Amino acid sequence: VAYLVVFHILFVLFVWTYWKSVFTLPIQPGKKFHMSYADQERYENEERPEVQRQILAEIARKLPVYTRTGNGGIRFCDRCQLIKPDRCHHCSVCAMCVLKMDHHCPWVNNCIGFSNYKFFLLFLAYSLLYCLYIAATVFKYFIKYWTVTRHSPVPGRSPEPACGELTNARSKFHILFLLFVAIMFFVSLMFLFGYHCWLVSRNRSTL
């Protein structure tokens with residue numbers, strides 16, 4: 001009973017954080033980062049790149065923007081028509097600029113950024129614990145397959161399974177497969193979760 005209680009607690013937390021990572025919408029920069037109609041018209045009508053950079057620099061003076069492009073210019077998104085805040089990037093999959101974007105995750109089919117990075121990190125943590133718990137509870141049955149031997153109480157009769165041993169090969173395959181998958185995902189998630197913990201400790205993001 002205790003195993004089932006712990007299992008379902010981890011399972012509920014795992015599903016809840018996955019749900020939040022998937023369905024929490026990414027956040028775009030605020031309206032103050034969007035160009036006004038007059039500035040947008042002035043920027044688009046200007047053909048000289050150096051003057052366009054000056055226009056963006058004038059607009060960005062009033063904004064808390066510190067990150068620049070490789071040539072020292074203001075980071076500007078032509079598709080969203082906004083000046084990008086620090087750590088903001090345009091996601092081609094979501095077709096929008098995402099505030100504090102870390103990456104677009106195919107496993108949750110969503111952008112991981114300011115709005116759902118906490119849920120994504122918790123999702124990795126609970127997934128790690130979930131796989132570890134499954135591997136730990138299945139491991140003792142895996143050991144039985146290599147330590148428990150069959151015995152025949154009556155001469156001439158086929159050997160009978162010892163107490164606690166599963167009787168068919170299909171159950172053995174299920175245990176072996178479950179243990180292998182749990183360990184495989186545990187190792188993969190351990191590196192991914194450790195990498196993101198390192199990023200958080202350094203106040204950095206993937207992009």
Side-chain angles (χ1 to χ4, degrees), residues 13-128 130 184-185 187-207:
L13 292 173
F14 164 78
V15 173
W16 175 70
T17 52
Y18 180 75
W19 177 275
K20 296 293 288 185
S21 299
V22 172
F23 293 103
T24 301
L25 297 178
I27 296 179
Q28 282 187 306
K31 292 183 179 180
K32 65 180 181 179
F33 292 96
H34 289 74
M35 295 180 67
S36 64
Y37 179 77
D39 291 332
Q40 184 177 343
E41 191 175 39
R42 184 161 62 103
Y43 177 81
E44 291 177 350
N45 292 334
E46 183 57 58
E47 297 180 356
R48 293 170 294 180
E50 62 275 7
V51 179
Q52 287 182 332
R53 287 196 294 268
Q54 291 178 1
I55 295 173
L56 293 177
E58 292 176 3
I59 301 172
R61 286 175 184 172
K62 303 176 183 179
L63 300 173
V65 176
Y66 305 99
T67 307
R68 298 291 187 267
T69 60
N71 58 4
I74 301 297
R75 297 170 64 242
F76 178 73
C77 181
D78 293 320
R79 284 168 285 188
C80 297
Q81 293 295 309
L82 58 82
I83 294 176
K84 296 179 182 179
D86 298 341
R87 300 187 181 183
C88 176
H89 300 275
H90 184 89
C91 178
S92 57
V93 180
C94 297
M96 61 181 291
C97 282
V98 180
L99 196 62
K100 198 180 179 182
M101 179 179 175
D102 188 85
H103 67 285
H104 184 90
C105 182
W107 298 104
V108 301
N109 193 29
N110 197 6
C111 267
I112 305 301
F114 179 80
S115 61
N116 61 352
Y117 187 73
K118 176 184 72 173
F119 299 118
F120 176 75
L121 204 61
L122 288 173
F123 166 66
L124 293 181
Y126 291 132
S127 301
L128 194 68
Y130 190 52
M184 180 182 66
F185 275 98
V187 173
S188 302
L189 290 169
M190 181 177 62
F191 286 106
L192 182 60
F193 180 66
Y195 173 64
H196 278 278
C197 287
W198 179 82
L199 290 176
V200 171
S201 66
R202 295 292 189 273
N203 193 22
R204 298 171 65 177
S205 57
T206 303
L207 295 178

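Being a predicted model, the structure only gives us computed values, none of them experimental. All values below come from the heavy atoms of this structure, side chains included, with hydrogens, waters and symmetry mates left out.
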Roughly how far, to the nearest 0.5 Å, is [atom2] of [Y] from [atom1] of [X]?
X: L121; Y: L192; atom1: CG; atom2: CG; value: 9.5 Å
X: Y37; Y: E41; atom1: OH; atom2: CD; value: 4.5 Å
X: C77; Y: H89; atom1: SG; atom2: NE2; value: 11.5 Å
X: W19; Y: F119; atom1: CH2; atom2: CZ; value: 13.5 Å
X: I59; Y: Q54; atom1: CD1; atom2: CD; value: 12.0 Å
X: T67; Y: R87; atom1: OG1; atom2: CZ; value: 8.5 Å

Distance-only donor-acceptor check, side chains S205 and D102, under 3.5 Å
no
Would you say that more than 12 heavy atoms from the other residues, nucleotides or ligands in this model lie under 6.0 Å from the [atom1] of [X], or not?
X: K100; atom1: NZ; result: no
X: F193; atom1: CZ; result: yes
X: R68; atom1: CZ; result: yes
X: E47; atom1: CD; result: no

Any side-chain heavy-atom pair of [X] and [Y] under 4.5 Å:
X: F33; Y: P64; value: yes
X: L189; Y: Y130; value: no
X: K84; Y: P29; value: no
X: F76; Y: T69; value: no

[X] versus [Y], closest heavy-atom pair with distance:
X: C91; Y: V98; value: CB-CG2, 4.2 Å
X: P26; Y: M96; value: O-CE, 3.8 Å
X: V65; Y: P85; value: CG2-CA, 4.4 Å
X: A60; Y: I83; value: N-CD1, 4.1 Å
X: Y66; Y: D86; value: N-OD1, 3.1 Å
X: Q28; Y: C97; value: CG-O, 3.3 Å

Which of parallel (below 30°), tilted (30 to 60°) and perpendicular (above 60°) describes [X] and [Y]?
X: F120; Y: Y117; result: tilted
X: H196; Y: H103; result: tilted
X: F14; Y: Y18; result: parallel

R42 and M35: CA distance, side-chain angles, deciding distance, side-chain contact (heavy atoms from CB on, under 4.5 Å) verdict
CA-CA 10 Å; R42 184 161 62 103; M35 295 180 67; over 6 Å; no
Backbone N or O of [Y] within a donor-acceptor pair of the [X] side chain at under 3.5 Å?
X: R53; Y: G72; value: no
X: Q52; Y: E46; value: yes
X: Q81; Y: D78; value: yes
X: S188; Y: F185; value: no

When the side chains of residues 108-116 are checked against the rest of the protein, which donor-acceptor pairs come out under 3.5 Å, sequence neighbours left out?
{"unit_1": "N110", "atom_1": "ND2", "unit_2": "S21", "atom_2": "O", "d": "3.0"}
{"unit_1": "N110", "atom_1": "ND2", "unit_2": "V22", "atom_2": "O", "d": "3.1"}
{"unit_1": "N110", "atom_1": "ND2", "unit_2": "T24", "atom_2": "O", "d": "2.8"}
{"unit_1": "S115", "atom_1": "OG", "unit_2": "L25", "atom_2": "O", "d": "2.9"}
{"unit_1": "N116", "atom_1": "OD1", "unit_2": "G113", "atom_2": "N", "d": "2.9"}
{"unit_1": "N116", "atom_1": "ND2", "unit_2": "S21", "atom_2": "O", "d": "3.3"}
{"unit_1": "N116", "atom_1": "ND2", "unit_2": "C111", "atom_2": "O", "d": "3.0"}

Steps toward side-chain contact (heavy atoms from CB on, under 4.5 Å) verdict (L63, K32)
CA-CA 8 Å; L63 300 173; K32 65 180 181 179; 4.1 Å; yes
Could you check H90 against R79 for side-chain contact (heavy atoms from CB on, under 4.5 Å), going step by step and ending with a plain yes or no?
CA-CA 9 Å; H90 184 89; R79 284 168 285 188; 3.4 Å; yes
